[in-house]
Amino acid sequence: MRELSKVALFDRHSGKHVDAELYDAIADNNASDFENLWKPPLKEAVSRLQQPVGGKAQASINAQDAHWRWGEKVAGRSPLVWKSFAIECEGRTQGLMMVKMTHLARAAEQAGKGIVYVDLISSAPWNRPKTTSNPRFANVGRVLLAAAISLSLDEEMEGRIGLHSLSQSEEWYRGRCGMTEFDPDPNYQDLRYYEMTAAQAKQFIE
Amino acid sequence: MQKTKTMTLNLSAAEMAALDRLAEARGLTKTALLRQALRLYASVTERVDRGDKLFVEPSDGKEKAELMVLG
């Protein structure tokens, strides 16, 4: 059974913080929301591109994840190795995240120590400033990363997290989240790897 | 945090010593280490069950060796 925490998102339309629900597992309704509520506007945004569709073009509208299949990614995975999270607000899925528990840190000061690896993380398209002219909720990504850090702390990994970033999100992880940036990883589609040390994680959640 | 259950574990002296040593080396409690070991076992089992093979690459760059996993 999913556990629920109350979290706060910032509603850009009202200018106020609103209550949302953070669940510690992605359920069928979340996968369904991705297919039926997220994908159509993402595909529509991609179709409006006036340049060849590809990584950089889709990055410009923050839609590089338009092809992800969350339902498939969650199904059949060992719950010991994989954890998933969903944020819901106003009855709709606002954010999704999948993490893996068996990765080791790369940063010199914590090399070889266990980290929570963020495999997938995404906010609903109506929340993304580059995808829509009137984005709704802010802080979705921040709340999800905080959940990953909290899991890391619970598992005695001192808050350490790591991830490979789509190019559309590199500045956010580097600048807004304060993560340590690594070179593009040739073993992972040349995506840049980012890692949060215990100290960086503490600063992020404070 | 997820709800947990408690169990009693019987280990030999050598196994206990290994557990103590590994936990100290990794800076983990014995419980955290055992939970990580369980995750690693689940991860390996998941791959082996779908037909993947696991190899170990020696640090001297010599030929990889297949990791035998107990069924």
Side-chain angles (χ1 to χ4, degrees), chain A residues 1-7 22-27 72-86 98-105 107 109-117 119 146-162 187 197-199 201 205, chain B residues 1-12 14-71:
Chain A
M1 189 174 170
R2 302 201 293 176
E3 284 202 5
L4 165 67
S5 308
K6 285 289 182 190
V7 293
L22 171 68
Y23 291 97
D24 67 351
I26 290 174
E72 287 179 21
K73 292 196 181 285
V74 173
R77 299 283 181 107
S78 167
L80 293 184
V81 179
W82 300 91
K83 311 281 183 192
S84 62
F85 296 85
M98 272 206 76
V99 303
K100 196 173 182 189
M101 307 297 292
T102 52
H103 278 234
L104 300 178
E109 67 191 86
Q110 54 190 29
K113 294 187 177 180
I115 58 167
V116 169
Y117 177 78
D119 189 56
I149 291 168
S150 182
L151 176 61
S152 175
L153 288 166
D154 285 346
E155 298 294 337
E156 297 188 27
M157 296 182 193
E158 299 179 311
R160 293 184 293 269
I161 64 170
N187 295 317
T197 63
I205 59 176
Chain B
M1 189 177 172
Q2 292 178 348
K3 293 184 178 61
T4 57
K5 294 183 179 178
T6 303
M7 65 172 283
T8 300
L9 185 64
N10 295 323
L11 298 175
S12 68
E15 286 165 342
M16 195 66 190
L19 180 56
D20 281 333
R21 191 172 58 247
L22 285 166
E24 188 175 341
R26 291 289 183 189
L28 297 170
T29 61
K30 290 192 274 290
T31 299
L33 183 79
L34 285 170
R35 289 172 70 178
Q36 275 199 12
L38 191 52
R39 275 187 222 116
L40 186 59
Y41 194 87
S43 178
V44 167
T45 302
E46 195 175 72
R47 287 182 177 269
V48 168
D49 283 353
R50 65 171 186 243
D52 292 349
K53 290 184 179 178
L54 293 174
F55 290 86
V56 173
E57 183 173 314
S59 56
D60 58 5
K62 289 184 178 173
E63 193 175 330
K64 292 179 189 174
E66 186 172 354
L67 184 68
M68 303 305 296
V69 178
L70 293 174

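Reminder, nothing fancy here: chain letters follow the sequence lines and each chain counts from 1.
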* Is a side-chain N or O of B:Arg26 found less than 3.5 angstrom from the main chain of A:Gly112, in a donor-acceptor match? -> yes
* Asked: Within the side chain of B:Gln36, is there an N or O that forms a donor-acceptor pair under 3.5 Å with the backbone of A:Gly114?
  -> no
* Among the listed options A:Val81, A:Leu151, A:Leu153, the residue most often paired with chain B at heavy-atom distances under 4.5 Å -> A:Val81
* **B:Glu24 CD: over 12 foreign heavy atoms closer than 6.0 Å** => no
* To do: Please indicate whether B:Asn10 has more than 12 foreign heavy atoms, meaning atoms of other residues, nucleotides or ligands, lying under 6.0 Å from its CG.
  => no
* Asked: Given that the side chain runs from C-beta out, which part of B:Thr29 has a heavy atom under 4.5 Å from chain A: side chain, backbone, both or neither?
  -> both
* Asked: When rounded to the nearest 0.5 angstrom, what is the spacing between CE in A:Met101 and OG in B:Ser43?
  -> 12.0 Å
* Looking at residues at least two apart in the chain, or sitting in another chain, which of them share a salt bridge (Lys or Arg N to Asp or Glu O under 4.0 Å) with B:Arg47? -> B:Asp52
* Asked: Which residues satisfy the side chain to side chain contact (heavy atoms under 4.5 Å, CB included) test with B:Leu38, sequence neighbours excluded?
  -> A:Leu80
* Value rounded to 0.5 Å, distance of CD in A:Glu158 from CG in B:Leu28 -> 8.5 Å
* Give, as side chain, backbone, both or neither, the part of A:Ser78 having an atom under 4.5 angstrom from any heavy atom of chain B. => both
* Verify the neighbour count for atom NZ of B:Lys53: are there more than 12 heavy atoms of other residues, nucleotides or ligands below 6.0 Å? => no
